[in-house]
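Below: one structure, written as structure tokens.
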Amino acid sequence: MANFFHISDTADAMSRAAADFFVERAKTAISRNGRFTVSLSGGSTPEALFRLLAASPWQDGIDWQKVHIFWGDERCVPDDSPENNARMARQALLDHVPVPENQICRMNGSLPPEAGAALYDIRLREFFDWKMPVFDLILLGMGDDGHTASLFPHTPVLKEKHRWAKEVYVDKLDSWRITLTAPVIQSAACIAFLVAGEKKVAALKEVLHGDYRPEEFPSQLVARNRAEVHWFLDAAAGKAVD
Ligand code: 6PG
């Protein structure tokens, strides 16, 4: 297991480093396979990255016609809710770049959670020809409790081995979510976490250096079970690395 740390002074510099990485991975995937399959993260951290990717020089560096967009998780809220991850990605990025609409595969948070998750699971199977998905890149964030995507501590979905997308009820948020499951995230060709801010340090220390307790710190399911994980951190979160 190898962690690659890209620590920047500020969150803005972190986003710029992540944007450069995103473009490089996209170019490599498109030159090798003729397409770039990427799963976007949600929450607040990636918005700055998405806005950079919609701007020069990053936007010009990607053949968006060959990009296929997926999500790591979605909140079960209406499409126009400020909480909706796909809405944020559209406003910050997808409405500004020429990704064909039929290459944007979002999780439907407006359906009943079980139905939305089952639908996404099928769409993943169809897209990846019923073989375990190997995304060229999965972007992830991490909560201050060590969750990633919507793999929250002590939730049944942490043990899901068969489904590729699953609904999960998050007690502390009193809300339903749809998430990629650990097997899919673990099988990605490349993982890039974006984590910024002092409040993430304690959890990040546990994820990186603590005892292996994935029920407590689900990001360990990714960080501790893969050959290569990239971490884009600002200086505050980077303190966890020392
Ligand atoms: C979500 C995300 C989630 C997020 C972390 C960090 O839908 O909320 O996918 O996993 O990455 O909660 O969120 P922030 O970037 O807002 O700190």
Side-chain angles (χ1 to χ4, degrees), residues 8 10-12 14-15 17-19 22 38-53 69-79 81-93 105-110 113 116-117 120 135 137-155 157-158 160 165-182 184-186 188 191-204 206-207 214 216-223 229-234 236-238 240:
S8 304
T10 63
D12 180 58
M14 173 195 76
S15 300
F22 186 105
V38 57
S39 170
L40 302 182
S41 53
S44 58
T45 302
E47 184 168 355
L49 163 62
F50 296 164
R51 292 193 184 285
L52 290 173
L53 291 172
I69 301 280
F70 297 82
W71 272 267
D73 72 327
E74 185 56 276
R75 292 83 178 273
C76 294
V77 294
D79 296 355
S81 162
E83 287 298 301
N84 188 286
N85 286 333
R87 176 179 179 269
M88 182 274 279
R90 278 199 181 278
Q91 289 180 341
L93 173 60
C105 182
R106 69 177 184 84
M107 296 171 168
N108 189 332
S110 300
Y120 207 71
F135 283 98
L137 176 62
I138 294 184
L139 296 176
L140 293 171
M142 191 196 75
D144 57 11
D145 60 356
H147 82 261
T148 191
S150 282
L151 301 175
F152 280 82
H154 307 297
T155 53
V157 74
L158 297 182
E160 178 58 52
K166 195 85 168 79
E167 71 280 0
V168 51
Y169 181 72
V170 186
D171 273 321
K172 71 177 187 181
L173 302 176
D174 186 22
S175 63
W176 283 93
R177 298 225 178 154
I178 298 169
T179 187
L180 293 186
T181 56
V184 172
I185 297 174
Q186 289 165 343
I191 295 277
F193 277 93
L194 273 69
V195 182
E198 193 77 37
K199 70 182 176 69
K200 305 283 179 84
V201 171
L204 188 50
E206 286 291 347
V207 167
E216 199 67 42
F217 298 100
S219 293
Q220 288 185 336
L221 289 169
V222 185
V229 180
H230 291 267
W231 296 85
F232 291 85
L233 308 172
D234 67 353

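If you're wondering where the values come from, they're calculated on a predicted model, not measured in any experiment. Numbering of ligands and ligand atoms starts at 1, following listing order.
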* Does ligand 1 have any atom sitting under 4.0 Å from a heavy atom of A149? -> yes

* To do: Check whether any heavy atom of E74 sits under 4.0 Å from an atom of ligand 1.
  => no

* Asked: For ligand 1, which atoms have a heavy atom of R177 less than 4.0 angstrom away?
  -> 1 (C), 7 (O), 8 (O)

* To do: Give the numbers and elements of all ligand 1 atoms closer than 4.0 Å to a heavy atom of N85.
  => 1 (C), 7 (O)

Considering non-hydrogen atoms of the protein only, which is the closest contact for [atom], and what is the distance?
atom	result
atom 15 (O) of ligand 1	T45 OG1, 2.6 Å
atom 4 (C) of ligand 1	G42 O, 3.9 Å
atom 9 (O) of ligand 1	D73 OD1, 2.6 Å
atom 8 (O) of ligand 1	R75 NH2, 2.8 Å
atom 13 (O) of ligand 1	G43 CA, 4.1 Å
atom 6 (C) of ligand 1	M142 O, 3.6 Å
atom 11 (O) of ligand 1	G141 CA, 3.3 Å
atom 5 (C) of ligand 1	H147 NE2, 3.4 Å

Check: [Y] main-chain N/O paired with [X] side-chain donor or acceptor under 3.5 Å:
X	Y	value
K166	T181	no
Y120	L180	no
E74	A86	yes
T45	V195	no
T148	G141	yes
N85	D73	yes
E206	D145	no
R177	S150	no

* Asked: Does any N/O atom on S44 come nearer than 3.5 Å to any N/O atom on ligand 1?
  -> yes

* To do: Fit a plane to each ring of W231 and F193, take the angle between them on a 0 to 90° scale, and name the class: parallel (under 30°), tilted (30 to 60°) or perpendicular (over 60°).
  => parallel

